[in-house]
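Just so we're clear, the structure is a prediction, and the values are computed from it rather than from any experiment.
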Amino acid sequence: MTKKLLSIHNLTISFPSSKGRVEVVKGLNLNINKGQIVGLAGESGSGKSVTAMSILRLNPSPPAKVESGSIKFLGSDLLTMPLGDLQKLRGQDISVIFQEPMTALSPLHSIGSQLVETLQLHQNINKSKALKIAMHWLQKVEIPDVANKIKAYPFELSGGQRQRVMIAMALMLAPKLIIADEPTTALDVTIQKQIFKLMLDLKNADTAMLFITHDMGVIWQMCDRVAVMQNGYVVEEGAVKQLLTHPKHAYTQQLIKSVPRLNTNDKHISQSPKEVLLQVQDLHTWYPIKQGIFAKTVDYVKAVNGVSFDIRQGETLALVGESGCGKTTLGRTLMGLEVAKAGAINFAEVDLLKHNLKHTRQMRQSMQMVFQDPYSALNPKMRICDIITEALVVHNIITANQRWVRATELLDEVGLSSKILNRYPHEFSGGQRQRICIARALGLKPKLIILDESLSALDVSIQAKVIELLQELKQRHRLSYLFISHDLSVVSQISDRIAVMQKGKIVEIGLPSQIIANPQNSYTQTLISAIPVLGS
């Protein structure tokens with residue numbers, strides 16, 4: 001009996017452009033056997049996600065067009081299958097974990113109702129049983145306080161928690177094939193390790209997986225085989241251990257070379273005294289928990305609970321911790337996007353919590369933020385040129401006539417061409433959209449940039465270039481960064497100091513050599529031990 005589950009043969013997909021149709025996937029061949037995990041690696045825009053979404057015909061058509069090829073699942077061609085038959089396969093036999101959970105989950109329905117609907121759509125069970133199954137899977141993916149979280153809406157969860165909901169939704173039907181498009185980029189390493197175990201358990205039960213990622217450490221740990229894509233082609237394919245230890249193609253070699261390693265070297269840190277730019281003292285940001293018909297406050301979610309730290313001029317402070325620990329809430333509170341319950345935020349010797357709104361807005365020109373989800377952070381109705389330069393025009397820094405020139409300069413700084421200035425956000429991959437967000441943040445020439453998981457959507461080669469860019473800008477403009485991340489390998493490359501956050505509190509802070517090589521807190525030790533390392 002054949003073990004072949006999915007067979008992609010000679011797949012070519014094109015999209016329209018100003019110069020005619022452009023092929024983004026070119027003659028691709030890929031096979032996945034039952035119980036096998038196949039990795040699909042490559043830089044942003046290489047065609048990985050377009051390939052994966054074509055399996056269930058999820059690429060919008062038009063503009064996408066399959067020029068040639070077949071995709072056979074258990075012998076049936078998914079590209080020519082009647083839509084009604086294909087819809088029966090979706091979710092039940094083939095599930096997808098999407099890259100951006102905020103856009104994949106309905107904002108109008110609670111987490112529980114979406115999970116229950118998925119179960120009832122594919123299984124003949126009542127709502128009560130479906131709810132029990134949904135809660136069981138939320139517990140398996142380490143969602144805290146499941147009884148309350150199942151009633152929550154997607155916007156009430158952190159990015160990592162939303163991603164775990166998507167993973168639970170995909171896994172709970174025990175499909176024959178899971179298409180995982182960057183499924184763990186928003187997760188801290190401890191939760192990622194738990195998710196990997198769940199996925200490997202399913203593999204042992206003969207569930208196969210197409211695992212799309214830019215993280216070679218994850219490929220090493222999770223996959224049996226890997227195919228490397230560049231410019232729409234598969235340039236190299238083989239068994240993981242063989243390919244990653246003895247890569248033959250120059251592009252594969254460059255990808256592996258770009259993988260960030262844990263760095264405990266503090267030599268890049270300047271020892272000269274620096275002025276304090278930002279000082280946070282005993283900061284609290286709490287969210288009320290309301291119950292009853294009168295919405296009485298019965299308790300609080302203490303997302304930030306007594307946090308104190310400072311950032312000096314020209315310094316990068318990294319903030320690491322598990323999803324839902326309060327990292328993003330802290331960053332949003334600093335930006336005035338969340339209301340602090342108590343504490344002080346002194347920026348350039350001005351307490352932002354005590355000044356009027358007009359003065360605070362002026363100060364915030366010097367403090368910019370790059371958000372975690374690049375798709376929801378960009379206006380889908382605006383061109384890239386207008387998105388990047390909007391704040392510059394609003395603050396009268398440039399005129400409307402100067403937009404094109406300044407936008408070109410900013411895109412060049414993040415490695416993008418001015419040819420994209422007339423295009424819209426939906427035309428770009430997740431990594432490309434994040435680079436656009438970084439370019440926008442640089443426009444106002446701020447003193448402090450808060451980067452909230454801003455590199456998590458980038459492939460390793462672009463990630464390395466952006467880290468280098470951020471370091472260059474830091475030196476050139478004496479920029480300071482609050483670098484929020486769950487990736488300690490990246491953090492160790494860019495940070496002057498590292499703060500570890502758990503359950504709303506900073507539990508440890510120090511130099512990279514202290515935190516990574518000699519962690520004192522047990523939670524920090526757990527984070528470091530869970531990091532997937534290439535070759536280990």
Side-chain angles (χ1 to χ4, degrees), residues 100 102 155 158-160 162 185-186 277-280 283 285 303-304 307 309-311 313-321 323 325-340 345-348 350 352-353 357 360-379 382 387-392 394-395 397 410 413-414 425 430-431 433-458 466-467 469-470 473-474 477-487 490-491 494-495 499 501:
E100 291 162 347
M102 193 59 180
F155 69 88
S158 70
R162 289 194 293 267
T185 53
L277 178 65
L278 175 72
Q279 187 175 50
V280 177
L283 187 65
T285 305
V304 178
V307 167
F309 64 90
D310 60 57
I311 300 177
Q313 199 164 30
E315 181 185 35
T316 299
L317 176 68
L319 186 64
V320 300
S323 171
C325 72
K327 305 188 303 295
T328 295
T329 299
L330 175 57
R332 289 176 61 85
T333 303
L334 297 179
M335 288 295 299
L337 300 175
E338 303 289 351
V339 178
I345 302 173
N346 292 298
F347 181 69
V350 174
L352 299 181
L353 301 183
L357 184 60
T360 302
R361 282 177 175 169
Q362 292 173 346
M363 289 296 298
R364 294 198 192 283
Q365 290 185 43
S366 297
M367 188 190 300
Q368 291 294 300
M369 188 168 187
V370 179
F371 295 93
Q372 182 175 359
D373 184 352
Y375 194 79
S376 60
L378 299 174
N379 188 330
M382 291 177 66
I387 287 172
I388 291 176
T389 58
E390 180 183 23
L392 296 170
V394 168
H395 290 289
I397 295 172
L410 291 168
E413 287 197 291
V414 295
R433 286 196 290 264
Q434 194 60 286
R435 281 182 274 163
I436 292 166
C437 290
I438 293 171
R440 177 176 61 181
L442 294 173
L444 287 170
K445 297 182 179 179
K447 295 178 181 177
L448 173 68
I449 297 179
I450 300 171
L451 299 127
D452 185 9
E453 298 284 5
S454 57
L455 303 187
S456 64
L458 305 183
V466 174
I467 289 174
L469 168 66
L470 291 173
L473 291 169
K474 173 182 167 181
H477 303 295
R478 296 189 73 196
L479 276 173
S480 300
Y481 300 126
L482 176 60
F483 192 87
I484 300 170
S485 178
H486 64 270
D487 192 333
V490 171
V491 160
I494 196 171
S495 61
M501 195 168 182

Of all heavy-atom pairs between [X] and [Y], which one has the smallest distance, and what is that distance?
X      : Y      : value
Cys437 : Leu378 : SG-CD2, 3.7 Å
Leu442 : Pro446 : O-CD, 4.0 Å
Ala340 : Leu283 : CB-CD1, 3.8 Å
Ile387 : Pro425 : CD1-CG, 3.7 Å
Ile484 : Gly331 : CD1-CA, 4.2 Å
Gly314 : Ser480 : N-OG, 2.9 Å

Hey, could you give me the [atom1]/[atom2] distance between [X] and [Y], rounded to the nearest 0.5 Å?
X      : Y      : atom1 : atom2 : result
Phe347 : Leu277 : CZ    : CG    : 4.5 Å
Arg435 : Leu410 : CZ    : CG    : 14.5 Å
Asn346 : Asp310 : CG    : CG    : 11.0 Å
Ile438 : Ile436 : CD1   : CD1   : 10.5 Å
Gln279 : Ile345 : CD    : CD1   : 11.5 Å
Ile494 : Thr316 : CD1   : OG1   : 5.5 Å

I'd like to know if the side chain of [X] and the backbone of [Y] have a donor-acceptor N/O pair within less than 3.5 Å.
X      : Y      : value
Lys327 : Ser485 : no
Glu315 : Leu482 : no
Tyr481 : Ala318 : no

Within the 4.5 Å heavy-atom criterion, are [X] and [Y] side-chain neighbours or not?
X      : Y      : result
Met367 : Met335 : yes
Leu444 : Gln368 : yes
Leu451 : Met369 : no
Glu390 : Arg440 : no
His486 : Glu453 : yes

Side chain to side chain contact (heavy atoms under 4.5 Å, CB included) between Phe371 and Ser376, worked out: CA-CA 9 Å; Phe371 295 93; Ser376 60; over 6 Å; no
Full working for side chain to side chain contact (heavy atoms under 4.5 Å, CB included) between Phe309 and Leu278: CA-CA 8 Å; Phe309 64 90; Leu278 175 72; 4.2 Å; yes
CA sep, side-chain torsions, deciding dist, call: Leu479, Leu448, side chain to side chain contact (heavy atoms under 4.5 Å, CB included): CA-CA 6 Å; Leu479 276 173; Leu448 173 68; over 6 Å; no
Side chain to side chain contact (heavy atoms under 4.5 Å, CB included) evaluation trace for Met501 with Val307: CA-CA 9 Å; Met501 195 168 182; Val307 167; 4.0 Å; yes
Passing option when Leu334 is tested against Leu352, Thr285, Val280, Ile311 for side-chain contact (heavy atoms from CB on, under 4.5 Å): Val280
